[in-house]
Amino acid sequence: MKNFALSLVDLWKQLGINQRVSLVVAALAVAGGLVAVVLWSQRPDYQLLFGRLGEKDAAAVISYLESQNVPHQVTAGGSAVLVPTSQVYKLRMDLAGKGIPSGDGVGFEIFDKGQFGLSDFVQRTNYMRALQGELARTIIQLQGVRSARVMIVQPENRLLLTEQGVKSTASVFVDIGNSRFEPDQVDSIRHLVANAVQGLDPNEVTVVDNRGHVLSADLQQDPSLGTASSQMRYRQQMEDYFAKKVESMLASVIGPGNAVVRVSAEIDTEATTLTEEKYDPEGQVVRSQTVTEDTTNTTETRAAAGGPVGVTSNVPEKAGAAAAAAPKTPSSTSEQTRKNHTTTYEINRTTTNITRNPGTVKNLTASVFIALRPAPVAAPAAKGAPAAAEQPAPKRTPEELNALRQIVVNALGLKPAPGQSLESIVSLQEVPFQTAEAIPAQMVAIQSEGRIQGWIDVARRWSAVAAAAGVLFVFFRVLSRQKPEPVPIEVLSMTPDAAARALPNASSVTPELLNELIKQRPANVGVALRDWVAVPAGKN
């Protein structure tokens with residue numbers, strides 16, 4: 001070991017200043033690389049604890065982690081917190097037990113604590129705040145939504161309602177960054193909010209994004225089709241329905257993907273009301289009937305005359321005697337009967353009220369492309385025989401095309417007018433289709449992005465190891481190329497006797513000269529001897 005150290009010291013003394021600086025720099029680089037590799041290998045692997053946090057929730061999470069002395073990292077502009085992988089699930093459960101993160105706004109946890117003495121107005125206000133907060137938290141869970149806020153307006157519950165036409169409304173603000181929201185996603189938000197609020201219609205929910213675009217404007221249902229957007233949307237729905245209906249039927253006949261159908265619909269967008277009244281003079285009906293009957297009966301009989309005036313006629317006994325003694329007067333009886341029959345007739349009348357709502361399909365036309373038949377598979381040629389030429393696919397006959405056209409006409413329910421041909425209603429052509437299956441650009445972008453991200457992760461993990469290996473390789477490469485400069489044997493100042501003893505040839509060394517050099521420069525002689533020994537015998 002001592003000899004090895006001495007040899008290193010001798011080697012260091014023999015190196016020049018440039019060689020010494022290069023060797024020191026390389027040694028420091030190798031040591032730094034090794035230290036970096038060790039530190040990187042001992043660093044814990046961090047994993048996402050929570051993402052898309054608000055400022056309040058992020059501050060609460062970081063405060064809890066600092067109180068527990070948990071190492072963490074904050075990324076994504078303060079909205080994401082990373083912790084060691086081994087502690088992710090435990091920390092999530094601990095934070096959930098403390099109600100962290102609570103999300104944007106206030107949820108139904110506002111009612112967890114009993115609050116006595118609150119007025120009915122405050123209770124209703126707290127309920128509305130909780131409902132808005134819970135809806136906002138739910139909307140944030142949708143893919144592509146960074147943050148959301150919900151504002152709900154409901155009419156007050158009054159005993160005497162002064163405005164009967166007041167309805168519940170809601171506004172939803174969503175932050176989607178630079179991404180794009182599909183109509184189905186917007187419609188899902190509208191129905192989510194509408195079904196969570198009593199008496200709220202989906203058409204009364206407005207969705208606005210962070211760029212100021214009203215996303216729900218094109219989804220408002222217009223029963224009367226009064227706006228141009230409603231008309232275009234309804235027409236597109238009808239055309240897509242009929243096109244898919246025909247494509248699904250042709251796919252079973254000529255194969256899936258071998259037919260392209262486009263339908264153009266003419267929609268009646270006007271609302272009409274028709275009132276029709278008809279009279280039929282031949283058809284009479286009895287409207288009213290009156291029957292009047294008068295009967296008169298008169299009977300005359302002989303009546304007794306009255307007694308004398310006075311007290312005598314008023315006494316019963318005397319009055320009866322007087323009546324018997326009075327003379328008799330004659331009486332007559334008559335009977336009369338009259339009948340009146342009146343009948344009123346009404347002429348038959350028919351009144352018809354017809355109301356046609358907009359949306360009636362007035363006319364349909366279709367354009368259909370069908371692919372050529374697949375080429376027949378040629379039988380394998382015998383060994384040694386020339387390969388048969390590929391046969392082109394046979395085209396369909398006009399009768400077959402007309403049969404397919406008639407199928408499309410029947411599927412759409414079209415009725416040609418007198419003198420109108422089927423070709424003017426349904427255009428059907430047989431054309432070659434592109435066989436290459438094109439991958440959607442979005443899928444290609446997603447796959448390439450995932451592939452690049454994977455390579456970045458791998459490179460980030462092994463970059464330190466690769467750097468250390470590269471530094472070691474460069475160090476050993478430089479060290480192998482660096483050789484001690486040969487120390488030439490200096491021409492010593494010799495006495496005339498020594499010069500006389502020297503050989504005539506300057507390249508030869510005599511024993512006397514060698515002894516003299518050993519005495520004066522022993523180090524140089526040692527190096528020269530090593531060089532001489534290292535030289536191959538054939539080069540001497």
Side-chain angles (χ1 to χ4, degrees), residues 182-184 218-219 221-274 276 354-378 388-442:
E182 297 295 334
D184 293 341
D218 295 337
L219 298 176
Q221 299 294 332
D222 187 3
S224 62
L225 296 181
T227 60
S229 61
S230 300
Q231 296 175 9
M232 293 299 296
R233 183 171 62 255
Y234 179 76
R235 178 178 179 180
Q236 183 180 4
Q237 292 174 355
M238 296 299 296
E239 291 176 348
D240 293 342
Y241 166 74
F242 287 112
K244 292 179 180 179
K245 182 179 180 181
V246 176
E247 282 187 2
S248 61
M249 181 186 60
L250 293 178
S252 303
V253 179
I254 61 178
N258 291 328
V260 178
V261 181
R262 294 293 181 270
V263 177
S264 177
E266 183 180 356
I267 306 298
D268 186 6
T269 59
E270 297 181 355
T272 59
T273 301
L274 176 63
E276 184 179 4
I354 301 176
T355 301
R356 292 189 178 93
N357 294 324
T360 305
V361 180
K362 299 172 60 176
N363 188 22
L364 286 177
T365 57
S367 299
V368 183
F369 285 116
I370 59 175
L372 296 174
R373 289 175 175 172
V377 180
E390 183 178 356
Q391 298 294 331
K395 293 186 177 182
R396 293 179 176 86
T397 61
E399 291 77 10
E400 294 176 339
L401 295 179
N402 290 332
L404 292 175
R405 183 180 289 106
Q406 184 64 45
I407 291 174
V408 175
V409 170
N410 295 336
L412 296 177
L414 302 177
K415 296 180 180 179
Q420 188 178 13
S421 61
L422 297 180
E423 289 79 2
S424 61
I425 302 176
V426 177
S427 175
L428 189 145
Q429 296 182 10
E430 185 181 19
V431 294
F433 280 16
Q434 298 293 334
T435 57
E437 299 180 358
I439 301 176
Q442 185 177 5

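Numbering starts at 1 and runs along the sequence shown.
- Residues T273 and I354 form no side-chain contact, since every pair of their non-hydrogen atoms from C-beta on lies 4.5 Å or further apart.
- Heavy-atom minimum distance, G359 versus I267: CA-CG2, 3.8 Å.
- Panel note: side chain E430, backbone R396; a donor-acceptor pair is recorded below 3.5 Å.
- Under the 4.0 Å criterion applied to side-chain N and carboxylate O atoms, E400 and R373 are assigned as salt-bridge partners.
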- [ ] Carefully, step by step, assess E423 and N402 under the rule side-chain contact (heavy atoms from CB on, under 4.5 Å).
- [x] CA-CA 9 Å; E423 289 79 2; N402 290 332; 4.0 Å; yes
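- The shortest distance between side-chain heavy atoms of V261 and L250 falls below 4.5 Å.
- When every heavy atom of F433 is checked against every heavy atom of F369, the shortest pair comes out as CZ-O, 3.6 Å.
- Note that CG of L422 and CZ of R405 are 7.0 Å apart. Values are rounded to the nearest 0.5 Å.
- A heavy-atom distance below 4.5 Å is not found between the side chains of V368 and Q429.
- Checked by atom type and distance alone, the side chain of Q237 never pairs as donor or acceptor with a backbone atom of Y234 at under 3.5 Å.
- By the 4.5 Å heavy-atom criterion applied to side chains, L274 and T272 are not counted as neighbours.
- With contacts defined as side-chain heavy-atom distances shorter than 4.5 Å, the pair I370/L401 qualifies.
- Without hydrogens or angle criteria, K245 side chain to A411 main chain gives a donor-acceptor distance under 3.5 Å.
- Taken from OG in S264 to CZ in F242, the straight-line distance is 12.0 Å, to the nearest 0.5 Å.
- When all heavy atoms of K362 and D268 are compared, the closest pair comes out as CD-CB, 3.5 Å.
- Rounded to the nearest 0.5 angstrom, M238 CE and Q236 CD are separated by 12.5 Å.
- Rounding to the nearest 0.5 Å places CZ of R235 at 10.5 Å from OG1 of T269.
- A 4.5 Å side-chain heavy-atom check between V361 and E266 finds every atom pair outside the cut-off.
- Q406 and N410 are linked by a side-chain donor-acceptor pair at a separation below 3.5 angstrom, with hydrogens and angles left out of the test.
- Residues L404 and L428 meet the side-chain proximity criterion, which asks for heavy atoms closer than 4.5 Å.
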Open item on the list: side-chain contact (heavy atoms from CB on, under 4.5 Å) for L372 and V431? Distances and angles first, verdict last.
Closed with: CA-CA 6 Å; L372 296 174; V431 294; over 6 Å; no
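- R262 has its side chain out of reach of T365: every pair of non-hydrogen atoms, C-beta onward, lies at least 4.5 Å apart.
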